[in-house]
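First the structure, in the form of structure tokens, and then the observations on it.
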Amino acid sequence: MTTFRYAMLNNIAQDGLERLGENFVEVKDAHEAEGILVRSAKMHDMDFSDNLLAVARAGAGVNNIPVKDLAEKGIVVFNTPGANSNAVKELVIAVLILASRNIIDGINWVRAHMDNPDIAAQVEKEKKQFAGTEIKGKKLGVIGLGAIGAKVSKAAVSLGMDVFGFDPFIDAEKALKINKKMNYLTDLDEIYRNCDYITIHVPAMESTKGYIDADAVREMKDGVVILNMARDVLIDENAVLEALDAGKVRYYVSDFPNATVAGHKNCITIPHLGASTEEAEKNCAVMACNELKDYLENGNITNSVNFPNVDAGKCIYDTRVLILHKNIPGMIKKLSHIIGDEGINVAEMTNRSRNGYAVTILDLDSGISEESRETLASIEGVYKIRVIK
Ligand code: MLT
């Protein structure tokens with residue numbers, strides 16, 4: 001059985017690591033590893049050795065990973081969509097209520113008065129200053145209806161909120177399947193103009209930086225609460241601070257404290273706890289390790305953010321050749337010629353493509369020579385060849 005080396009850039013829950021099995025060995029130096037497991041370590045300035053075949057992130061966001069550069073080196077990047085969505089949903093509901101009920105100020109007041117023997121009587125006199133509002137009947141705008149946004153929309157409906165969902169990547173039919181009690185909007189401005197609470201759940205990418213910008217904030221209803229459990233770069237936080245100071249935005253709740261927002265009295269900042277539950281950490285670790293194992297052992301790809309999904313099962317033939325390549329015309333013909341010229345029979349072929357990237361798996365009745373392997377690797381547009389026995 002082939003042994004694979006993996007490195008962990010962050011702690012990964014043991015339940016996940018156990019999935020890897022005995023043929024996986026941990027190494028401390030990532031340059032020696034075929035697989036990297038990561039949570040939030042920043043990988044943009046790392047250099048990657050030729051040993052590396054895959055990076056698996058135990059989490060949904062991949063903004064800490066140079067996904068495109070790795071694709072061009074033939075390194076598959078995985079994430080774990082949905083594995084921590086319940087944890088994030090629960091935190092969104094918690095902060096919706098925190099931002100409505102003055103609970104934090106109330107708790108701080110109690111702490112400041114804890115030595116007062118008459119605190120019980122004092123509480124009844126003072127508590128009016130902490131009176132809040134209820135979320136029932138209020139309008140919640142959910143931007144992004146992926147695993148987290150979908151769960152948030154359902155939970156909010158069940159708490160009596162009037163939920164408005166927006167996601168440019170889905171249509172009305174899909175939105176209905178996500179939550180038939182949600183109002184699906186195709187115009188984001190309607191969310192900005194009408195909602196009392198706005199929560200964002202889109203991935204952080206070059207194209208989504210500053211998604212909620214100064215114009216969006218200007219458009220919003222007075223007294224709006226903005227919730228950001230996704231990533232700080234999605235919001236023009238300086239515009240939000242101005243709006244907080246002007247009294248237009250009531251609260252900005254963020255899971256990403258930074259120098260801009262951490263000290264502001266109407267920012268509720270949480271130390272990136274969205275996915276920090278025992279359950280979510282375990283779910284993410286299990287999913288990430290399963291993905292890494294299946295790719296390293298069998299070449300199958302599930303939940304990659306840079307290559308298409310492909311599942312050819314376990315190899316039941318002599319040899320499996322996996323080719324990661326550009327999705328360009330003529331590639332399959334070139335690959336088949338080289339294999340055919342060596343007189344090898346292709347027992348099965350699987351090819352998948354997505355967004356300019358493709359994967360071809362050739363299951364062969366006999367092994368290929370080093371020369372053919374090199375010829376395959378030299379085809380223009382081929383990123384990586386793997387031979388799996
Ligand atoms: C995510 O992107 O899913 C979370 O940020 C995960 C984490 O907290 O590591």
Side-chain angles (χ1 to χ4, degrees), residues 12-13 15-16 38-40 56-65 67 77-96 140-159 161 163-185 188 191 197-205 207-208 211 227-231 233-234 253-256 270 272-292 301-309 354-355:
I12 301 294
D15 305 72
V38 62
R39 193 163 164 193
S40 49
R57 175 159 201 262
V62 286
N63 57 316
N64 55 327
I65 304 172
V67 172
V77 180
F78 297 93
N79 71 343
T80 59
N84 56 26
S85 55
N86 189 64
V88 182
K89 171 204 81 180
E90 288 187 4
L91 196 64
V92 171
I93 299 303
V95 297
L96 258 174
L140 171 71
V142 182
I143 302 173
L145 296 166
I148 297 170
K151 282 199 168 76
V152 167
S153 80
K154 281 194 190 132
V157 164
S158 72
L159 290 168
M161 296 191 85
V163 178
F164 295 80
F166 172 84
D167 189 325
F169 298 106
I170 66 166
D171 56 21
E173 202 183 324
K174 176 110 192 275
L176 203 66
K177 284 195 189 130
I178 289 174
N179 181 356
K180 58 177 185 306
K181 294 189 177 149
M182 172 183 74
N183 307 287
Y184 172 67
L185 299 177
L188 186 53
I191 288 204
Y197 299 81
I198 295 172
T199 184
I200 183 160
H201 301 284
V202 302
M205 304 183 292
S207 58
T208 56
Y211 195 100
L227 312 175
N228 178 10
M229 300 290 117
R231 287 293 183 271
V233 293
L234 298 171
V253 188
S254 167
D255 203 15
F256 305 92
I270 300 163
H272 195 187
L273 293 182
S276 291
T277 65
E278 240 175 70
E279 295 85 346
E281 285 174 6
K282 178 178 155 182
N283 290 344
C284 288
V286 167
M287 202 191 258
C289 290
N290 283 341
E291 291 163 359
L292 184 65
I301 299 179
T302 312
N303 294 327
S304 167
V305 291
N306 55 3
F307 283 96
N309 283 348
R354 192 185 73 200
N355 298 340

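Side chains included, hydrogens not; waters and symmetry mates left out as well; all remaining heavy atoms used. The model shown is predicted, which means the values in this text are computed figures rather than measured ones.
- Summarising the geometry of Val305 relative to Arg354, their closest heavy-atom pair is C-NH2, 3.6 Å, with the distance given to 0.1 Å.
- No donor-acceptor contact under 3.5 angstrom links the side chains of Asn283 and Glu279, judged on distance only.
- Using a 4.5 Å heavy-atom threshold, the side chains of Val62 and Met205 count as separate.
- Residue pairs meeting the side-chain hydrogen bond (donor to acceptor under 3.5 Å, both in side chains) criterion with at least one member in residues 165-176: none, sequence neighbours excluded.
- For the side chain to side chain contact (heavy atoms under 4.5 Å, CB included) test, residues two or more places apart in sequence or in another chain that qualify with Leu159 are Ile93, Ile135.
- Residues passing the ring-ring contact (aromatic ring centres under 6.0 Å, His included) test with Tyr197: none are found, sequence neighbours excluded.
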Item to check | Residue pair Met229, Val95: steps toward the side chain to side chain contact (heavy atoms under 4.5 Å, CB included) verdict | outcome: CA-CA 10 Å; Met229 300 290 117; Val95 297; 4.1 Å; yes

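- Residues passing the side chain to side chain contact (heavy atoms under 4.5 Å, CB included) test with Ala156 are Leu140, Met161, Val163, sequence neighbours excluded.
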Next on the checklist: side chain to side chain contact (heavy atoms under 4.5 Å, CB included), that's the test. Do Thr199 and Ile143 meet it? Break it down for me.
Outcome noted: CA-CA 6 Å; Thr199 184; Ile143 302 173; over 6 Å; no

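- Of all non-hydrogen atoms in Ala58 and Ala285, the two that sit nearest each other are CB-N, 4.3 Å.
- Thr277 contributes a side-chain N or O that, together with a main-chain N or O of Ala280, makes up a donor-acceptor pair within less than 3.5 Å.
- Ile178 approaches Lys154 most closely through the heavy-atom pair O-CE, 2.8 Å.
- Not a single side chain to side chain donor-acceptor pair (under 3.5 Å) links Asp255 to another residue, sequence neighbours left out.
- Using a 4.5 Å cut-off on side-chain heavy atoms (C-beta onward), Leu227 and Val92 make contact.
- Partners of Asn63 by side chain to side chain contact (heavy atoms under 4.5 Å, CB included), not counting sequence neighbours, listed by chain and number: Ala204, Arg231.
- Residues Asn79 and Gly59 share a closest heavy-atom pair of CB-O, 3.3 Å.
- For Glu281, the salt bridge (charged side-chain N to carboxylate O under 4.0 Å, His left out) partners are Arg39, not counting sequence neighbours.
- Remark: Phe256 engages His272 in a ring-ring contact (aromatic ring centres under 6.0 Å, His included) (not counting sequence neighbours).
- With sequence neighbours excluded, no residue forms a side chain to side chain donor-acceptor pair (under 3.5 Å) with Asn290.
- Legend: residues meeting side chain to side chain donor-acceptor pair (under 3.5 Å) with Asn306, ordered by chain and number and at least two apart, are Ser304.
- Heavy-atom minimum distance, Ile12 versus Cys289: CG2-SG, 4.4 Å.
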Next on the checklist: As a quick check of understanding, evaluate side chain to side chain contact (heavy atoms under 4.5 Å, CB included) for Met182 and Val142, giving each step before the final call.
Outcome noted: CA-CA 10 Å; Met182 172 183 74; Val142 182; 5.6 Å; no

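- Contact check for Thr302 versus Met287: no side-chain heavy atoms found under the 4.5 Å cut-off.
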Next on the checklist: Between Leu234 and Val202, is the side chain to side chain contact (heavy atoms under 4.5 Å, CB included) condition met? List the steps.
Outcome noted: CA-CA 8 Å; Leu234 298 171; Val202 302; 3.7 Å; yes

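- In this structure, CD in Glu90 is found 12.0 Å from CG in Asn84, a value given to the nearest 0.5 Å.
- Taking each heavy atom of Pro203 and Thr208 in turn, the nearest pair found is O-OG1, 2.7 Å.
- For Ser85, the side chain to side chain contact (heavy atoms under 4.5 Å, CB included) test picks out Ala147, Ile148, Lys151, with sequence neighbours left out.
- Judged as a side chain to side chain donor-acceptor pair (under 3.5 Å), and not counting sequence neighbours, the contacts of Asn179 are Ser153.
- Note that CZ of Phe166 is 7.5 Å distant from OH of Tyr184, once rounded to the nearest 0.5 Å.
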